[in-house]
Amino acid sequence: MTPLKVFGTVLHSRFFLGSAGYPSPQVLREAITASGTQVVTVGLKRTLAAAGDNGFVRGILESGVRLLPNTAGCRTAREAITLAHMARELYATHWIKLEVVGDEHTLQPDPWGTVEAAAQLVKDGFAVFPYCTDDLVTCQRLLDAGCEVLMPWGAPIGSGQGLINPFALRTLRARLPGVPLVVDAGIGAPSHAALAMELGFDAVLLNSAVSQAVDPIRMAGAFNLAIEAGRLAYEAGVMAPQDMAVASTPVSGHPFLIS
């Protein structure tokens with residue numbers, strides 16, 4: 001499996017893992033190891049609410065991964081920009097996962113607020129990973145704002161529905177061939193992650209499907225294998241579906257031997 005390069009950093013894992021909702025910090029650390037991930041996201045609002053994180057972030061960093069703070073819970077561009085600057089000061093990283101929520105029911109990102117915040121954060125020197133929908137025009141506007149990576153959803157956050165609009169995702173991949181695309185949100189099973197990778201997406205980010213599993217550690221390992229298998233299949237060339245049966249051993253017009 002070929003490595004992934006984002007913002008000048010080479011990643012040998014294409015699995016980005018969230019850090020919320022685990023039964024204990026120890027289980028989180030073991031899940032990180034089982035996943036093989038090199039990037040772990042952390043919600044800044046959550047760690048601030050936990051009295052400076054109580055060693056939570058330190059435990060993640062001890063696993064040898066790169067931290068990707070996110071602006072989860074922000075409702076406006078201004079709020080997200082402020083939180084991103086706080087994250088850079090607290091965690092000494094210019095990487096930021098940008099989230100600006102536009103709808104309380106679906107937690108769908110606000111396209112206007114996300115583009116506004118992304119443009120400002122890029123100017124401020126951040127490497128912005130914007131969480132967005134699978135809308136092609138919104139994604140193009142984020143690229144125009146200076147984003148180098150896009151994180152379109154597969155389905156609403158935490159829903160576990162998988163890829164609810166494969167057509168839109170295929171369109172994104174076809175129309176943005178040189179852009180690193182990370183499917184973020186809605187992934188519920190390893191098969192969903194494998195499908196995203198088979199479609200040509202560059203990575204998958206998920207949280208609840210691992211943290212809420214009966215055995216998060218084994219589930220992290222399952223996703224690790226699925227993501228690698230999906231990517232290897234894409235690189236090898238997944239066969240195109242056919243409308244009719246096609247004989248796997250065609251003999252018409254070809255000599256063959258009978259032993």
Side-chain angles (χ1 to χ4, degrees), residues 1 4 6 11-73 87 91 93 95 97 99 101 106-107 129 131 151-164 182-198 201-232:
M1 183 173 67
L4 170 64
V6 290
L11 301 173
H12 296 281
S13 171
R14 291 172 178 265
F15 185 3
F16 291 19
L17 186 64
S19 59
Y22 286 82
S24 69
Q26 181 61 32
V27 171
L28 170 58
R29 287 193 291 271
E30 291 185 35
I32 289 172
T33 300
S35 73
T37 186
Q38 292 174 271
V39 179
V40 173
T41 66
V42 60
L44 185 59
K45 280 195 170 186
R46 181 171 55 253
T47 56
L48 289 175
D53 84 37
N54 293 321
F56 173 75
V57 171
R58 184 174 64 252
I60 294 173
L61 292 174
E62 287 173 354
S63 300
V65 298
R66 179 152 192 160
L67 204 64
L68 178 58
N70 70 47
T71 64
Y91 303 130
T93 177
W95 281 23
K97 180 189 171 189
E99 295 184 35
V101 174
T106 63
L107 299 181
F129 294 72
Y131 169 57
M151 306 185 81
W153 69 356
I157 292 173
S159 69
Q161 296 180 59
L163 310 183
I164 59 174
V182 182
V183 172
D184 176 16
I187 298 294
S191 57
H192 300 158
L195 177 56
M197 300 305 290
E198 288 171 9
F201 281 77
D202 297 281
V204 170
L205 191 158
L206 59 93
N207 186 114
S208 299
V210 170
S211 67
Q212 304 304 309
V214 174
D215 187 337
I217 299 164
R218 294 183 68 186
M219 187 60 78
F223 271 103
N224 185 16
L225 294 172
I227 289 167
E228 182 173 357
R231 181 64 190 186
L232 287 173

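In this text the structure is predicted, and so the values were computed from the model without any measurement.
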Closest non-hydrogen atom pair between [X] and [Y], with its separation:
{"X": "V65", "Y": "V39", "result": "CB-N, 4.4 Å"}
{"X": "S19", "Y": "N207", "result": "N-OD1, 2.9 Å"}
{"X": "G230", "Y": "M197", "result": "C-CB, 3.5 Å"}
{"X": "D202", "Y": "R231", "result": "OD1-NH1, 4.0 Å"}
{"X": "P23", "Y": "S211", "result": "CD-O, 4.1 Å"}
{"X": "A209", "Y": "I187", "result": "CB-O, 3.4 Å"}

Using side-chain heavy atoms (C-beta onward) and a distance below 4.5 Å, is [X] in contact with [Y]?
{"X": "D184", "Y": "K97", "result": "yes"}
{"X": "L206", "Y": "H192", "result": "no"}
{"X": "T93", "Y": "P69", "result": "yes"}
{"X": "Y22", "Y": "V210", "result": "yes"}
{"X": "F16", "Y": "L11", "result": "yes"}

Can you tell me how far [atom2] of [Y] sits from [atom1] of [X], rounded to the nearest 0.5 angstrom?
{"X": "F201", "Y": "L195", "atom1": "CZ", "atom2": "CG", "value": "9.5 Å"}
{"X": "L44", "Y": "N70", "atom1": "CG", "atom2": "CG", "value": "8.5 Å"}
{"X": "L225", "Y": "F15", "atom1": "CG", "atom2": "CZ", "value": "10.5 Å"}

Quick check against the 3.5 Å criterion: does [X] have a side-chain atom that pairs as donor or acceptor with the backbone of [Y]?
{"X": "E228", "Y": "M1", "value": "no"}
{"X": "T41", "Y": "L68", "value": "no"}
{"X": "S13", "Y": "G36", "value": "yes"}

> Which pairs count as side-chain hydrogen bond (donor to acceptor under 3.5 Å, both in side chains) when at least one residue sits in residues 26-39, sequence neighbours excluded?
Replying inline: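 For residues 26-39, and leaving out neighbouring residues, the side-chain hydrogen bond (donor to acceptor under 3.5 Å, both in side chains) pairs sorted by first residue read Q26-R29, Q26-E30.
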> Stepwise, does the side-chain contact (heavy atoms from CB on, under 4.5 Å) test hold for F129 with V182?
Replying inline: CA-CA 9 Å; F129 294 72; V182 182; 5.6 Å; no
>> Would you call the rings of Y131 and W153 parallel, tilted or perpendicular, taking 30° and 60° as the class edges?
In response: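 The arrangement is perpendicular - the two ring planes meet at more than 60°.
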